[in-house]
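Step one of this worksheet: look at the structure below.
Note that the coordinates shown come from a computational prediction; the quantities given were computed from them, not determined experimentally. Just so you know, ligand 1 is whichever comes first in the structure, and atom 1 is the first atom listed for that ligand.
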Amino acid sequence: VHELEDSGLHIAGRGSSPNTKGKWEQDAAIMDGSNRRAGAVAAIQGYKNPVDCARAVMKHSQHILLSGKGAEKFLKKRDLKTIGNPHGYYRPIISDASYDDGTHGTVGAVALDSEGRLASATSTGGLTNKPPGRISDSAQIGSGTWADERVAVSCTGQGEYFMRVNAASDVSARIRYTRSDLENATACVLEEISLLGGQGGLIAIDRLGRVAMPFNTSIMKRGFATWRGEFDVKVF
Ligand code: ASP
């Protein structure tokens with residue numbers, strides 16, 4: 001996620017668009033499914049890698065989500081890269097659309113390690129033309145980011161819909177309570193979002209390494225890699 005933020009190819013990190021007041025406010029979250037520790041930042045300004053800031057909250061704070069000035073004060077004590085001149089650093093990947101159609105989007109990663117531990121992270125510059133203080137689903141554990149002992153999920157799309165469905169943790173709830181498999185659980189969550197009129201997608205991996213990446217936008221850039229050397233990247 002750190003690399004994707006730095007690439008400037010997505011609406012996260014360097015590619016983020018400013019809000020309606022011309023400021024760059026960033027959101028990110030990270031969750032370790034093996035112990036359910038989590039950290040998140042919302043509406044922070046001046047940090048190069050919001051996902052590293054989320055990790056710092058997970059590691060060094062007793063809280064989960066820190067926002068705005070309070071978060072920035074907490075982060076100041078950590079060894080995190082800052083941005084001196086936002087106008088010189090950010091290269092907004094889109095500037096005129098009120099909603100990204102999935103071409104660029106939020107960035108996220110989900111992972112399963114060799115000991116069966118799952119983890120998830122998401123980072124976003126948020127919706128283009130968002131108002132100051134608006135917080136995305138990406139920063140909210142349960143809505144846009146989730147990992148537990150069953151599944152790791154990271155979402156992208158119109159965050160308000162993902163919050164209303166509590167999308168990321170609902171994938172786990174469906175697996176747990178209805179004994180759905182990953183494909184079915186993710187499809188059902190996306191269907192709920194569609195029924196409300198929302199657009200987006202998600203990436204998910206379960207404890208057996210099964211991957212699902214459904215979306216209802218025209219495209220969603222996505223990929224996977226395995227220890228066996230399998231590797232694939234898709235757009236459509
Ligand atoms: N989910 C993000 C948000 O609501 C946007 C995106 O995924 O493109 O800010």
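- Below 3.5 Å of separation, one finds an N or O of D137 facing an N or O of ligand 1.
- Ligand 1 has L127 within reach: a non-hydrogen atom of the residue lies less than 4.0 Å from it.
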Could you go through R174 and D170, starting from their C-alpha distance and side-chain angles, then the distance that decides it, and tell me whether this counts as salt bridge (charged side-chain N to carboxylate O under 4.0 Å, His left out)? CA-CA 6 Å; R174 284 172 186 274; D170 194 42; 2.9 Å; yes
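- Considering backbone and side-chain atoms together, T106 places an N or O closer than 3.5 Å to an N or O of ligand 1.
- Residues A42 and A139 come closest through the heavy atom pair CB-CB, 4.2 Å.
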I would like to know whether R117 and E149 meet salt bridge (charged side-chain N to carboxylate O under 4.0 Å, His left out); could you show each step before the answer? CA-CA 7 Å; R117 295 176 297 201; E149 61 282 14; over 6 Å; no
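- Here the closest non-hydrogen pair linking Y161 and I193 is CB-CG2, 4.1 Å.
- The side-chain contact (heavy atoms from CB on, under 4.5 Å) test with T122 is passed by exactly one of V1, V107, T145: T145.
- Residue contacts with ligand 1: G105 is placed with no nitrogen or oxygen under 3.5 Å of a nitrogen or oxygen of the ligand (distance criterion only).
- Between R134 and ligand 1, an N or O atom pair is found at a separation short of 3.5 Å.
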Between K48 and D6, does the salt bridge (charged side-chain N to carboxylate O under 4.0 Å, His left out) criterion hold? Intermediate values first, please. CA-CA 8 Å; K48 185 166 163 280; D6 285 351; 3.3 Å; yes
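- Taking only non-hydrogen atoms, the option from G157, S138, S136 nearest to atom 1 (N) of ligand 1 is G157.
- Of all the atoms in ligand 1, the ones that sit under 4.0 Å from a non-hydrogen atom of G126 are 9 (O).
- The distance criterion of under 3.5 Å between nitrogen or oxygen atoms is not met by C155 with respect to ligand 1.
- Atoms of ligand 1 lying under 4.0 Å from any heavy atom of T156, numbered from 1 in the order shown and given with element: 6 (C), 7 (O), 8 (O).
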